[in-house]
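To start, the structure itself, in structure tokens.
All ligand and atom numbering here is 1-based and tracks the order in the structure.
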Amino acid sequence: MIKVEDLHKVFGELHAVNGISEEIRKGEVVVIVGPSGSGKSTFLRSLNLLEVPDKGRILFEGIDITDKKVDINRHRQRMGMVFQHFNLFPHKTVMENITLAPIKLKGIKEVDGKKRAMELLEMVGLPDKANTYPSKLSGGQKQRIAIVRALAMDPDVMLFDEPTSALDPEMVGEVLEIMKTLAREGMTMVVVTHEMGFAKEVANRVIFMDEGVIREQASPKEFFENPKDTRLQEFLSKVL
Ligand code: ADP
Ligand code: MG
């Protein structure tokens with residue numbers, strides 16, 4: 001579904017992503033871990049061109065989205081993104097937050113958009129929050145709404161950047177549960193997280209990034225039980 005070829009992203013002197021080649025297959029759940037500043041977010045944001053690569057190509061279902069002639073907005077709509085800090089529109093209700101993009105960008109009829117929104121709100125256990133404003137929600141609820149908002153665009157792949165890092169501990173579980181449900185339903189997912197339990201349980205593949213490169217990747221079992229890279233061994237000894 002996504003093929004990355006020799007991706008580079010430079011900020012001034014800093015090589016944040018320093019030559020990554022990678023493939024994400026349809027239905028895969030790929031978890032990316034690594035120390036802070038290792039380029040995880042930059043890599044993830046490059047996948048939908050929130051960061052424009054300095055070098056390399058990104059093929060989305062065979063189409064090179066780094067090609068200037070490609071309409072990136074059309075492709076971006078097919079990749080849902082969930083951030084650490086929710087990024088909900090504060091002056092809009094939950095329902096408006098969810099239906100805005102489908103109605104405006106995809107031309108979905110309001111009645112259909114609302115119907116789909118209610119189905120998704122049921123799925124995340126928040127059907128009673130449709131008319132609530134984000135400020136009235138807990139962090140966990142906000143993140144569940146942010147996931148629903150991304151899903152309302154009916155994306156082919158979901159990108160998560162530390163979706164539980166800003167949450168109080170007691171709210172982490174409710175968000176991970178939704179992500180597990182999505183994974184079970186076959187959603188293609190790329191997840192940057194520090195939740196090693198999630199990686200062990202849900203990932204098809206775990207990737208370790210350090211200093212802008214992928215130093216190791218393996219099945220969760222192999223990754224956690226038999227890490228080969230010394231930096232990965234050191235990292236795991238700190239986080240496990
Ligand atoms: P991670 O998500 O693994 O913590 P990031 O991808 O956010 O790492 O950052 C990788 C490196 O690039 C860090 O050193 C960070 O400070 C730097 N960086 C990220 N975004 C920018 C930016 N917009 N401008 C300058 N430096 C940046
Ligand atoms: Mg990050």
Side-chain angles (χ1 to χ4, degrees), residues 2-24 29-58 60 65-66 72 76 79-88 139-140 142-143 146-147 149-150 155 157-169 171-172 175-176 179 188-200 202-203 205-218 220 223-224 227 229-240:
I2 303 174
K3 187 167 192 228
V4 177
E5 296 175 351
D6 193 29
L7 191 73
H8 291 256
K9 179 69 187 180
V10 180
F11 297 113
E13 299 282 282
L14 187 92
H15 226 126
V17 173
N18 196 358
I20 289 187
S21 297
E22 189 53 62
E23 277 184 51
I24 316 278
V29 178
V30 176
V31 169
I32 303 176
V33 304
S36 175
S38 57
K40 305 180 299 296
S41 294
T42 305
F43 174 67
L44 196 71
R45 292 162 58 81
S46 300
L47 294 181
N48 64 2
L49 299 194
L50 284 178
E51 302 287 356
V52 180
D54 292 303
K55 181 165 176 264
R57 297 204 306 164
I58 298 163
F60 187 64
I65 60 172
T66 56
I72 181 57
R76 218 174 251 155
M79 303 187 218
M81 179 125 193
V82 176
F83 304 89
Q84 187 175 348
H85 293 287
F86 333 122
N87 301 4
L88 296 173
K142 278 185 212 169
Q143 196 58 303
I147 293 172
R149 182 176 60 173
V157 52
M158 287 282 284
L159 311 175
F160 293 87
D161 193 358
E162 298 198 28
T164 60
S165 294
L167 299 178
D168 291 333
M171 292 171 188
V172 169
V175 172
L176 293 181
M179 294 168 65
T188 309
M189 295 165 56
V190 184
V191 184
V192 173
T193 186
H194 297 296
E195 294 291 330
M196 298 299 150
F198 178 85
K200 280 182 192 168
V202 185
R205 197 144 56 88
V206 189
I207 288 176
F208 175 61
M209 273 187 73
D210 192 32
E211 296 186 346
V213 299
I214 293 176
R215 291 189 65 105
E216 184 153 339
Q217 58 173 306
F223 188 92
F224 290 107
D229 180 74
T230 50
R231 294 271 186 91
L232 173 57
Q233 291 167 356
E234 199 182 312
F235 176 76
L236 290 176
S237 74
K238 284 182 200 149
V239 297
L240 289 180

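Taking distances strictly below 2.8 Å, the protein N/O/S atoms close to the Mg ion (ligand 2) are S41 OG.
Look at R205 and E22 and you find a salt bridge, because one of the NZ, NE, NH1 or NH2 atoms lies within 4.0 Å of a carboxylate O, short of that distance.
Put simply, the side chain of M79 does not reach to within 4.5 Å of the side chain of P155, judged on heavy atoms. In this structure, the side chains of R149 and L88 come closer than 4.5 Å at one or more pairs of heavy atoms. In this structure, V82 and D161 have side chains that are not in contact, with every pair of non-hydrogen atoms separated by 4.5 Å or more. At least one side-chain heavy atom of M209 sits less than 4.5 Å from a side-chain heavy atom of I20.
Atom CG of residue L240 and atom CZ of residue F235 lie 8.5 Å apart, to the nearest 0.5 angstrom.
Scanning the protein for heavy atoms near atom 3 (O) of ligand 1, the closest one is K40 NZ, 2.8 Å. Shortest contact from atom 11 (C) of ligand 1 to any protein heavy atom: L14 CD2, 3.4 Å. Atom 5 (P) of ligand 1 has as its closest protein heavy atom T42 OG1, 3.6 Å. Ranking protein heavy atoms by distance to atom 10 (C) of ligand 1, first place goes to G37 O, 3.5 Å. Regarding atom 7 (O) of ligand 1, its nearest protein heavy-atom neighbour is S41 CB, 3.7 Å. Protein heavy atom nearest atom 23 (N) of ligand 1, with residue, atom name and distance: F11 CE2, 3.6 Å.
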Practice problem: With side-chain contact (heavy atoms from CB on, under 4.5 Å) as the test, would you mind laying out the steps for F223 and L232 before giving the verdict? | Solution: CA-CA 9 Å; F223 188 92; L232 173 57; 3.5 Å; yes
Quiz item: Stepwise, does the salt bridge (Lys or Arg N to Asp or Glu O under 4.0 Å) test hold for K55 with E5?
Solution: CA-CA 9 Å; K55 181 165 176 264; E5 296 175 351; over 6 Å; no
Practice problem: Report the C-alpha separation of R57 and D6 in whole Å, then their side-chain angles, then the decisive distance to 0.1 Å, and conclude whether the side-chain contact (heavy atoms from CB on, under 4.5 Å) test is met. | Solution: CA-CA 7 Å; R57 297 204 306 164; D6 193 29; over 6 Å; no
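Remark: distances from the non-hydrogen atoms of G34 to ligand 1 are all 4.0 Å or more. Under a 4.0 angstrom heavy-atom cut-off, P35 registers as being in contact with ligand 1.
Closer than 4.0 Å to atom 16 (O) of ligand 1 lies none of the heavy atoms of the protein.
Less than 4.0 angstrom separates some heavy atom of S36 from each of these atoms of ligand 1: 4 (O). Against a heavy-atom cut-off of under 4.0 Å, S38 is close to the following atoms of ligand 1: 1 (P), 3 (O), 8 (O).
When the side-chain hydrogen bond (donor to acceptor under 3.5 Å, both in side chains) test is applied to D229, the partners found at least two apart in sequence or on another chain are R215. Taking the side-chain hydrogen bond (donor to acceptor under 3.5 Å, both in side chains) definition, one finds that E51 meets it with R45, sequence neighbours left out. S21 meets the side-chain hydrogen bond (donor to acceptor under 3.5 Å, both in side chains) test with no other residue; sequence neighbours excluded.
Between G39 and ligand 1, a contact under 3.5 Å exists for at least one N or O pair.
Neither the backbone nor the side chain of V17 has any atom closer than 4.0 Å to an atom of ligand 1 (non-hydrogen atoms only).
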